[in-house]
Asks: 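Attaching a single structure in structure tokens format; questions to follow.
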Amino acid sequence: MANKNLQFKTNYAVSSKIEPFYKGGKVQISKDEKYIFCTCGSRVNVVEISTGKIVHCVEHDDQEDITSFALSCDDELLVTASRALLLKQWDWRQASCTRSWKAIHTIPVASMTFDSTSTLLATGQQCRTDHQMCAASPRNPTFLLVCVCPPGGCDATIKVWDVVKQYCTHNLKGSSGVVHLVQFHPDISRLQLFSSSLDCGIRLWDLRSSQCVCVLESHYSAVTSLSFSRNGDAMVSSGRDKICTVWDLKSRQAKRTVPVYEAVEGVVLLPEKTDLSQIGVKSKNLHFVTAGSKGVLRVWEASTARCVYTQALPSTLALSSEEDEEEDNPRSLTHLFHLPSSSRLAAVTAEHNILFYQLPDLATQQQFVGYNDEVLDVKFLGKDDSHIVVATNSCQLKVFQLLTNSCQILYGHTDTVLTLDVFKKASLFASCAKDRSVRVWQMDSDSGQVRCVAQGSSHTNAVGSISCSRLKASFVATGSQDCTVKVWDLPAEFSGAEIHQLSPRTTEKAHDKDVNSVAVSPNDKLLASGSQDRTAKLWSLSGDGNLGLLGVFRGHRRGIWSVCFSPVDQVLASCSADGTTKLWSLQDFSCLKTFEGHDASVLKVIFVSRGTQLLTSGSDGLVKLWTIKTNECVKTLDAHQDKVWGLHGSRKDDKMVTGSADSNITVWADVTEVELAEEQAKQEDQILKKQELSNLLHEKKYLKALGLAISLDQPHTVLTVIKEIRQAEDGGDLLEKTLLKLRVDQKESLLRYCVVWNTNARNCLDAQAVLRVLLTHLPPEELLQYQAVRTHLEGLIPYTERHMERIGRLLQASMFLNYIWQKMRVAGASSGMEQDEEMDTTPLTQTQPLFFIDKENVKGSSDERGEHDDDGDSEQEEEPGSRKEDEEEADEVSASKKASASDVREKTGESIKTNGHHQSESEESSEEEELEDDHAVQVVKNVPVSSAPQCLTLS
């Protein structure tokens with residue numbers, strides 16, 4: 001079992017991403033050769049060449065596709081054109097639009113460019129109505145932007161803009177059809193502009209006269225590229241008519257027509273004073289490089305029209321001559337650039353790959369993949385997992401270096417590659433594809449170059465799953481759509497440049513439907529297979545090479561997509577299209593656990609944390625981390641928008657990589673220990689701050705204590721400090737002085753806390769005290785600057801009104817109690833109080849006992865009560881005079897109560913409730929009640945009164 005000290009993973013964070021940045025269209029490289037600008041739908045992405053990562057992105061607000069863009073030669077300004085017929089000028093480093101204006105076209109702009117040097121341009125004053133342009137000082141550069149619009153039933157127009165003065169300087173008419181190419185002459189003093197349209201001619205415009213001075217005719221198809229010599233007197237043009245033409249710009253005549261036997265998309269003149277003998281340049285004559293439909297670079301000598309160098313194709317790629325001629329060849333090149341500072345060439349392929357070649361030998365230096373299409377599988381590769389190998393919806397494999405995102409493309413399969421697997425020796429991996437073949441690849445540990453070392457083909461249908469041996473590179477197992485499982489033996493060593501041919505050791509009809517997954521156990525003795533027939537099967541890999549069926553796992557309601565052995569236990573994990581992941585016992589083939597959480601098919605499952613946790617990926621674009629012991633989903637990772645087909649963990653178990661149908665590849669890092677360390681550091685910091693806060697409160701340094709409590713962002717702690725301040729001597733003044741010394745952000749936080757405190761009746765007084773200070777001393781203008789202050793005030797109003805209503809009800813109840821108290825009569829009190837005397841509402845400040853008991857007279861009073869009981873009948877028959885005499889001899893408490901009761905009955909005439917019962921107002925019942933009261937002795941303890949009361953003695 002796993003180590004007891006093993007720590008479960010709790011979270012992964014995105015470490016790096018490989019995402020699509022180019023989906024076709026224009027590509028431009030900055031003058032400093034540090035960035036690549038390329039279109040991707042409604043965005044222009046800026047990719048850093050050194051790292052291969054997107055560092056800036058410019059996107060139109062209206063989400064309209066960008067049809068063209070241009071970068072100024074000093075790399076400062078970027079202008080884009082969209083289908084909404086808007087031109088926008090950008091500060092691309094800040095991704096901010098500085099200006100936008102109408103393109104004055106009726107159809108979206110097709111091509112645009114800046115002048116070549118940005119040193120000689122119009123100043124604005126010398127531009128006349130006849131569109132003349134004059135040279136300006138190089139110290140006051142102005143940019144020219146040329147926009148070309150396809151025709152809408154009329155001739156296309158070329159507009160020249162002064163982007164500094166912000167107006168259109170030229171409107172050049174005369175082109176036939178869509179103008180797809182515009183370019184300035186590199187010598188801006190000539191003020192010449194070249195353009196090409198669908199009539200296949202190259203027009204030369206004089207910007208001084210706004211006239212087309214000549215049309216250079218040589219091509220019979222679209223002109224795709226122009227390249228000028230260093231002195232500006234020669235030019236080479238390329239076209240899809242499979243020829244290149246060398247022009248003399250002084251005589252404006254064609255000097256040489258060079259047949260290149262391929263549709264050329266890009267041409268570049270090689271530098272004259274550089275030793276390029278390695279690519280066949282032996283003379284000082286004019287040489288140029290072409291890039292076209294064949295997908296290779298070729299060097300031509302202009303004077304002899306001879307190809308002096310052809311770039312070699314990859315050794316694993318065998319293209320027929322017929323395929324070379326196809327226009328849709330995926331390896332065909334669409335752009336070619338010369339980077340003079342770094343002495344490199346850059347080419348763009350039809351598959352949206354950007355390649356950098358180093359002169360003078362045209363060695364491939366870097367390669368970036370602009371668009372991966374649907375990612376079907378991805379695995380870590382190389383020492384320390386420095387690379388990843390990716391199977392996309394194509395017949396090529398892509399090996400990415402994670403540090404630079406540079407990519408190596410592997411050719412060999414002839415149809416879509418479906419699945420990959422890596423041997424324990426990380427430099428060796430295997431692939432299978434729809435072409436029914438299996439290939440084994442080896443990466444050189446020093447150079448990082450990958451080559452195919454073995455291949456085999458025996459299946460009768462697409463091979464959809466593959467698994468490598470775990471102990472050593474001795475065999476691979478494959479599952480196919482032909483419902484069979486095959487085991488292929490590998491040679492002991494892969495030596496030489498030859499490709500070994502593989503043959504299957506054994507073949508077994510394993511399932512009734514497609515075999516979607518196969519997995520080899522860690523000891524190479526067992527093989528598991530999962531199928532679309534909803535079952536998984538366990539096979540023994542015996543030494544004689546045969547497969548023996550050991551058992552069948554049944555329980556999934558849909559087809560099984562993936563199976564995986566636990567690295568430590570005799571357990572098999574499987575995931576299915578029914579949205580569940582199951583753990584199976586290898587002993588009795590029973591289901592041990594079921595994990596449910598994905599809303600769609602679960603496509604991949606792997607073990608992590610030494611077999612104690614699972615990672616699953618699904619069609620819902622989610623990756624989930626599960627703890628097996630508790631059946632709990634610990635974390636859900638959401639970084640993809642489509643099916644996550646690829647999922648693989650690193651050998652150190654600290655990273656994982658996912659690949660999705662949304663073309664994104666994400667590398668995740670385990671951040672469990674980092675988050676735990678951060679949490680511990682945070683707790684330690686909290687403890688230290690709380691101790692410091694306690695010390696400050698003890699020292700009565702309330703301002704520092706309040707500021708520290710606010711910095712902790714704990715409203716309850718702040719409330720504690722507020723209570724401490726209010727309980728101090730002169731708490732109100734001290735609170736006011738303390739609050740006014742706080743910073744603006746601290747006052748804003750305090751206002752936010754008051755909203756929380758005010759919701760509780762226990763804390764409302766503290767909240768109201770703080771609010772009184774803030775609202776009294778801060779001007780409304782300052783309060784309105786606080787973030788979400790309106791929301792806070794709206795939250796304060798209803799609770800404040802509720803507190804006011806509650807206090808009002810309490811005040812009414814207390815006043816009624818005080819009224820009752822004032823109307824009560826006690827022994828020895830003055831009986832001459834006027835009926836209309838006002839109620840005393842003074843505060844109850846003095847607290848003295850209202851009644852005292854004279855214990856010495858308690859016995860005497862008992863005797864008197866006895867005498868009253870004996871002579872009760874005779875007292876009732878006595879006359880009023882004798883009764884008054886007896887009353888004078890009675891104790892003061894009984895007499896007072898009798899007088900009070902008689903006085904109240906005479907004034908009100910209402911019944912009095914005693915212990916919940918109505919008593920009669922007749923004299924007879926009154927006399928009986930008075931006699932009963934004579935026997936009662938009431939003791940009242942510690943009743944506060946508003947004024948100094950009389951001390952009465954009960955005897």
Side-chain angles (χ1 to χ4, degrees), residues 16 18 50-52 278 295-296 311-318 331 344 349 353-358 361-369 372 377-392 394-413 417 419-433 437-456 466 468-476 488-502 648 650-652 655 657 665 667:
S16 62
I18 300 175
S50 60
T51 63
Q278 296 185 40
V296 294
Q311 188 182 28
L313 286 171
S315 59
T316 57
L317 183 63
R331 280 186 52 84
R344 291 188 297 178
T349 70
N353 303 326
I354 302 175
L355 300 93
F356 290 86
Y357 301 102
Q358 186 67 53
D361 56 352
L362 288 183
T364 303
Q365 187 187 49
Q366 278 181 293
Q367 185 167 232
F368 298 113
V369 177
N372 281 313
D377 204 0
V378 58
K379 302 288 183 184
F380 280 107
L381 184 67
K383 185 179 180 181
D384 298 327
D385 299 322
S386 59
H387 295 69
I388 57 172
V389 56
V390 182
T392 61
S394 67
C395 56
Q396 296 98 26
L397 287 171
K398 299 179 176 68
V399 179
F400 290 91
Q401 185 180 7
L402 292 177
L403 187 62
T404 63
N405 279 7
S406 181
C407 176
Q408 180 183 352
I409 297 180
L410 308 179
Y411 297 91
H413 287 286
V417 181
T419 316
L420 304 165
D421 198 17
V422 182
F423 288 90
K424 186 176 182 180
K425 185 180 179 181
S427 60
L428 203 64
F429 66 95
S431 63
C432 59
S437 70
V438 177
R439 285 181 177 264
V440 180
W441 309 79
Q442 188 175 36
M443 184 175 71
D444 186 272
S445 57
D446 297 328
S447 64
Q449 296 298 311
V450 181
R451 65 184 184 93
C452 181
V453 294
Q455 66 174 351
I466 192 168
C468 301
S469 57
R470 300 306 176 197
L471 297 180
K472 60 179 182 179
S474 58
F475 67 90
V476 294
W488 310 72
D489 283 325
L490 300 181
E493 293 183 358
F494 298 101
S495 59
E498 64 178 8
I499 299 177
H500 296 270
Q501 295 298 320
L502 304 178
H648 190 230
S650 63
R651 284 186 297 279
K652 292 183 179 180
K655 292 187 294 184
V657 61
I665 301 168
V667 180

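Any value given below was found using the heavy atoms of this structure, including those in side chains, with hydrogens, waters and symmetry copies removed. Residues: numbered from 1 along the sequence shown. As the structure is a computational prediction, the values presented were derived from the model and not from experiment.
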Asks: Determine the minimum heavy-atom distance between L502 and D489, stating which atoms define it.
Replies: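 For L502 and D489, the tightest heavy-atom pair comes out as CD2-O, 3.6 Å.
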
Asks: If we only count heavy atoms from C-beta on, is the Q278 to L362 side-chain gap below 4.5 Å?
Replies: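 Answer no - side chains too far apart.
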
Asks: Please check if atom CD in Q501 has more than 12 non-hydrogen atoms from other residues, nucleotides or ligands closer than 6.0 Å.
Replies: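 Above 12, so yes.
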
Asks: Among residues at least two apart in sequence or on other chains, which ones pass side chain to side chain donor-acceptor pair (under 3.5 Å) with Q311?
Replies: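 By the side chain to side chain donor-acceptor pair (under 3.5 Å) rule, Q311 matches no residue at all.
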
Asks: Begin from the C-alpha positions of R451 and I499 and carry the test side chain to side chain contact (heavy atoms under 4.5 Å, CB included) through to its verdict.
Replies: CA-CA 9 Å; R451 65 184 184 93; I499 299 177; over 6 Å; no

Asks: If every non-hydrogen atom of R651 is compared with every non-hydrogen atom of A426, which pair is closest and at what distance?
Replies: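 Smallest interatomic distance, heavy atoms only, reads NH1-CB, 2.9 Å.
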
Asks: Within the side chain of D377, is there an N or O that forms a donor-acceptor pair under 3.5 Å with the backbone of A391?
Replies: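 Not confirmed, D377 side chain does not pair with A391 backbone.
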
Asks: Working to the nearest 0.5 Å, report the span between CZ of F475 and CG of L490.
Replies: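 Rounded to the nearest 0.5 Å, the CZ-CG separation comes to 9.0 Å.
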
Asks: So how far is it from C452 SG to E498 CD, rounded to the nearest 0.5 Å?
Replies: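 Going from the SG atom of C452 to the CD atom of E498 covers 12.0 Å.
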
Asks: Would you say the side-chain atoms of S406 pair up with the backbone N or O of Q401, donor to acceptor, closer than 3.5 Å?
Replies: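 No: the side chain of S406 does not pair with the backbone of Q401.
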
Asks: From Q408 CD over to Q396 CD, what is the distance, rounded to the nearest 0.5 angstrom?
Replies: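 With rounding to 0.5 Å, CD (Q408) is 13.0 Å from CD (Q396).
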
Asks: So, taking the atom named NZ in K383 and the one named OG in S427, what distance separates them when rounded to the nearest 0.5 Å?
Replies: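 Nearest 0.5 Å value for the NZ-OG distance: 11.5 Å.
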
Asks: Counting distance only, does the side-chain N/O of D421 pair as donor-acceptor with the main-chain N or O of C468 below 3.5 Å?
Replies: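 Yes; at least one donor-acceptor contact below 3.5 Å.
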
Asks: On a heavy-atom basis, which atom in G448 and which in M443 lie closest, and how many Å separate them?
Replies: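 Scanning both residues completely, I find the closest heavy atoms to be O-CG, 3.6 Å.
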
Asks: Please round to the nearest 0.5 Å and tell me the distance separating atom CD1 of I18 and atom CG of N372.
Replies: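 Taking CD1 in I18 and CG in N372, the distance rounds to 7.0 Å.
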
Asks: Specify the closest pair of heavy atoms between K398 and C407, including all atoms of both residues, with the distance to one decimal.
Replies: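 The pair with the smallest heavy-atom distance is CB-SG, 3.6 Å.
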
Asks: So W441 and F429, would you call those rings parallel, tilted or perpendicular, with 30° and 60° as cut-offs?
Replies: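 Correct class here is parallel.
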
Asks: To the nearest 0.5 angstrom, please state how far the CH2 atom of W488 sits from the SG atom of C432.
Replies: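 The distance works out to 10.5 Å.
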
Asks: So, the side chain of H387 versus the backbone of V399: is there a donor-acceptor pair under 3.5 Å, distance only?
Replies: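 Not at all, since once roles are kept as given, no pair shorter than 3.5 Å links the two residues.
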
Asks: Taking all non-hydrogen atoms of both residues into account, name the closest pair between S431 and V417 and its distance.
Replies: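 Closest pair (atom of S431, atom of V417, distance): CB-CG1, 4.2 Å.
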
Asks: List the atom of S650, the atom of D385, and the distance in Å for their closest heavy-atom pair.
Replies: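 So the two residues come closest at CB-OD2, 3.0 Å.
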
Asks: With respect to L420, which candidate in I466, V378, V390, L397 satisfies the side chain to side chain contact (heavy atoms under 4.5 Å, CB included) definition?
Replies: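 It is L397, the one option of I466, V378, V390, L397 that forms the side chain to side chain contact (heavy atoms under 4.5 Å, CB included) with L420.
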
